[in-house]
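Presented below is the structure to which this report refers.
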Amino acid sequence: MAVLDIKNLTVDFPGRKSVFVAVNDVSLSIEAGKILGVVGESGAGKSTVGNAVIGLLQEPGRIAAGEIDLNGVRIDALNDKSKRKLRGRRIGMIFQDPLTSLDPLQTVEAQLVETIRTHLPLSAKAARDRAVELIGAVGIANPHERIRQYPHQFSGGMRQRVVIALALCAEPELVIADEPTTALDVSIQAQILDLMKSLCTERNVAMLVITHDMGVIADITDHVAVMYQGNLVEYGATAQVLGRPQHAYTKSLISAVPRPDVRVDRFPSIDYIEKDRTPQRQIDIATHWLGKARAYDRAGGPLVSVRELDMQFETRASILPSRRRSFQAVRKVSFDIAEGETFGLVGESGSGKSTIARLITGLYQPSGGSITFAGTELTSLGKRRDILAMRRQMQMIFQDPYSSLNARMRVKDIVAEPIRFHRLASDRSEVRQIVEDLLDHVGLGAAAGRKFPHEFSVGQRQRISIARALATRPRFLICDEPTSALDVSIQAQILNLLKDLQAELGLTMLFISHDLAVVRQMCDRIGVMRNGELCEVAETDQLFEAPRHPYTSELLSLMPSMELLSRETPADP
């Protein structure tokens, strides 16, 4: 008998004028010790299925049809009190962001003990002993000491282990994991996935994994369900669905996955996914781009040259030198970026990648070393006019497009702001024309300028960020994890857009990511960072096929396996 049996589930959200159907007639089941993956883009209904199972649908959401059984007992019709008893005791939950899942004001011990005693008839001592055992079981060393610490004293991967321990507190029959590895580095992700697989096998727990990461699906699931716009479009054994997909949407998703083993010029353009990405009008952006405002002299050598770069952050200040504490974020880093090249930086969180980006743009002042841009030593610039002239030539695209956009400004004003600040247009009409052309060029259309950021999807907001970054007509673009929060199909669209823009506008790019497969598709050369040091710099193909440094080999070995994925490119519907 299946641990979880979902039969013809329909979830809708009634509104004043219409009813939105988020999940439509979905049937799934999971057996003990097995892992079912639910995959699809944002808005496909994946998390809604998980929330319906655990009884956390937000108002006015409701189960309009179907039923949900847990070990043969129907649970969707239970009252609120019974559902609260079910959560944690029989169904555990692992959320995407472990920091928001944990109480920052309580120790890990207090949170674990509270959860255990809520669901199990144990004394305080017995509950603490069980909490220590769980912390050790999820791979946290020295559990007797670490359990007394607070969540902020753990790394992101360790916090996720604590959340997994919380989910397992009361020996649940089913665990729901909603995007459990999205924000994790490749090495930490591999550890968490191995942990989830082993816990499923050892404890005979059924697991529902909700994700948009096809690598995660390929690595740990036994069966996979593919959802699109609330509908279940394909369902079966993982090897069959990923290796021999039948539905056009499944083929589209798989073809959009960046491959670590093969480099392609661009990702396939799939009409099934990219229905409305064509610009409303064809724009020759060079009309504005290559004019007087971008009349830069070509650099005689590398466009960017970093030499012996150091960055030290003071963690404890004191007038007494002996009591000061500091952290060395970047240590003696040197590399060059040629004009027109895309240079990649990869490494785990805390390796110094983003710190280097902020040093180049002048957001941080280095503790030592030099940064030369187009022949000019940036750290020697003293006049505000000279600093602004250099900053105009380099722009950043950040990881989270929503937090990097002003929610109170319309899109047209967001894109126009750097044009006005740097006085790159003669009058308002020229500003308006440049903004409309940029929005058209990134595939949004000029009409998007009248809206606010919250009216767009995540992928569309990243297009707005790209348009804003291009507004100053830069020659150097820094992309700091620009696609890590995006669905695989939206990621493919953004990466294609960046490739097209580089080819059309002669951009030079620094591409920062912990996703090695993405970096292989985007970069000409790659530098590998670890603990603030640059371990290795090599041509992309050489680095992937014959890495020289042991740490590079270790990172490559931890990438999710893509061997199951079909290599077939779907025909346009």
Side-chain angles (χ1 to χ4, degrees), residues 41-42 212-215 248-249 251-286 289 340-344 395-399 401 437-445 448 456-470 474 477-513 515-524 526 540 562 565 567-573:
E41 297 175 278
S42 296
H212 64 254
D213 191 328
M214 299 298 283
Y249 177 68
K251 295 177 182 178
S252 297
L253 275 183
I254 292 172
S255 69
V257 175
R259 299 301 178 102
D261 54 340
V262 178
R263 189 174 183 185
V264 297
D265 290 333
R266 64 183 290 109
F267 295 97
S269 178
I270 305 153
D271 290 343
Y272 198 95
I273 294 174
E274 300 183 12
K275 291 179 179 177
D276 54 0
R277 300 298 180 187
T278 305
Q280 294 182 5
R281 53 198 177 102
Q282 295 300 314
I283 297 297
D284 180 10
I285 200 171
W289 192 268
E341 179 185 35
T342 299
F343 183 82
Q395 292 292 314
M396 283 190 73
I397 300 171
F398 295 94
Q399 177 176 354
D437 288 354
L438 283 169
L439 291 174
D440 264 320
H441 203 71
V442 298
L444 291 173
F456 295 88
S457 68
V458 179
Q460 288 172 324
R461 286 197 290 263
Q462 196 62 292
R463 289 172 182 263
I464 296 168
S465 298
I466 293 171
R468 181 184 60 181
L470 296 177
L477 208 57
I478 299 175
C479 305
D480 191 359
E481 302 277 11
T483 62
S484 64
L486 305 181
D487 296 324
V488 63
S489 57
I490 307 300
Q491 173 180 266
Q493 297 164 18
I494 296 299
L495 295 179
N496 277 342
L497 175 61
L498 288 171
K499 284 189 172 191
D500 292 342
L501 289 171
Q502 182 179 34
E504 293 171 27
L505 307 174
L507 291 170
T508 304
M509 289 199 290
L510 172 62
F511 198 94
I512 297 169
S513 180
D515 191 327
L516 294 169
V518 168
V519 169
R520 177 158 203 180
Q521 302 306 321
M522 293 298 296
C523 300
D524 302 302
I526 299 172
T540 298
M562 300 292 183
L565 270 62
R567 294 182 180 276
E568 178 185 357
T569 300
D572 294 340

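In this structure, the side chains of Leu477 and Thr508 stay at 4.5 Å or more apart for every pair of heavy atoms. In this structure the side chain of Ile464 reaches within 4.5 angstrom of the side chain of Phe456, judged on heavy atoms. Under the 4.5 Å side-chain criterion, counting only non-hydrogen atoms from C-beta, Glu41 is not in contact with His212. Taking 4.5 Å as the limit, every side-chain heavy atom of Asp480 sits out of range of all side-chain heavy atoms of Ile397. Residues Gln493 and Arg463 have side chains in contact (heavy-atom distance under 4.5 Å, counting atoms from C-beta outward). In this structure, the side chains of Gln395 and Leu470 stay at 4.5 Å or more apart for every pair of heavy atoms. Residues Ile526 and Phe511 have side chains not in contact (no heavy-atom distance under 4.5 Å, counting atoms from C-beta outward).
Listed for the Gln521 side chain is no donor-acceptor partner under 3.5 Å among the backbone atoms of Ala492. Between the side chain of Thr540 and the main chain of Cys523, a donor-acceptor pair closer than 3.5 Å is present. Looking only at distances, a side-chain donor or acceptor of Gln462 sits under 3.5 Å from a matching main-chain atom of Pro482.
Closest heavy-atom contact between Pro258 and Val518: CG-CG2, 3.8 Å. Across Leu439 and Ala467, no two heavy atoms sit closer than the pair CD2-CB, 4.3 Å.
To the nearest 0.5 angstrom, Asn496 atom CG is 8.5 Å from Met522 atom CE. To the nearest 0.5 angstrom, Ile466 atom CD1 is 4.5 Å from Leu497 atom CG. We find the CD1-OH distance between Ile254 and Tyr249 to be 11.0 Å, quoted to the nearest 0.5 Å. Remark: Cys479 SG to Ile512 CD1 distance equals 8.5 Å, nearest 0.5 Å. With rounding to the nearest 0.5 Å, the separation of NE2 in His441 from CG in Leu438 is 8.5 Å. Taken to the nearest 0.5 Å, the CG atom of Asp213 stands 9.0 Å off from the CD atom of Gln491.
Checked against side-chain hydrogen bond (donor to acceptor under 3.5 Å, both in side chains), Arg520 has the following partners two or more places apart in sequence or in another chain: Asp541, Glu545. Every residue meeting the side-chain hydrogen bond (donor to acceptor under 3.5 Å, both in side chains) condition with Thr342, not counting sequence neighbours, appears here in chain and number order: Gln502.
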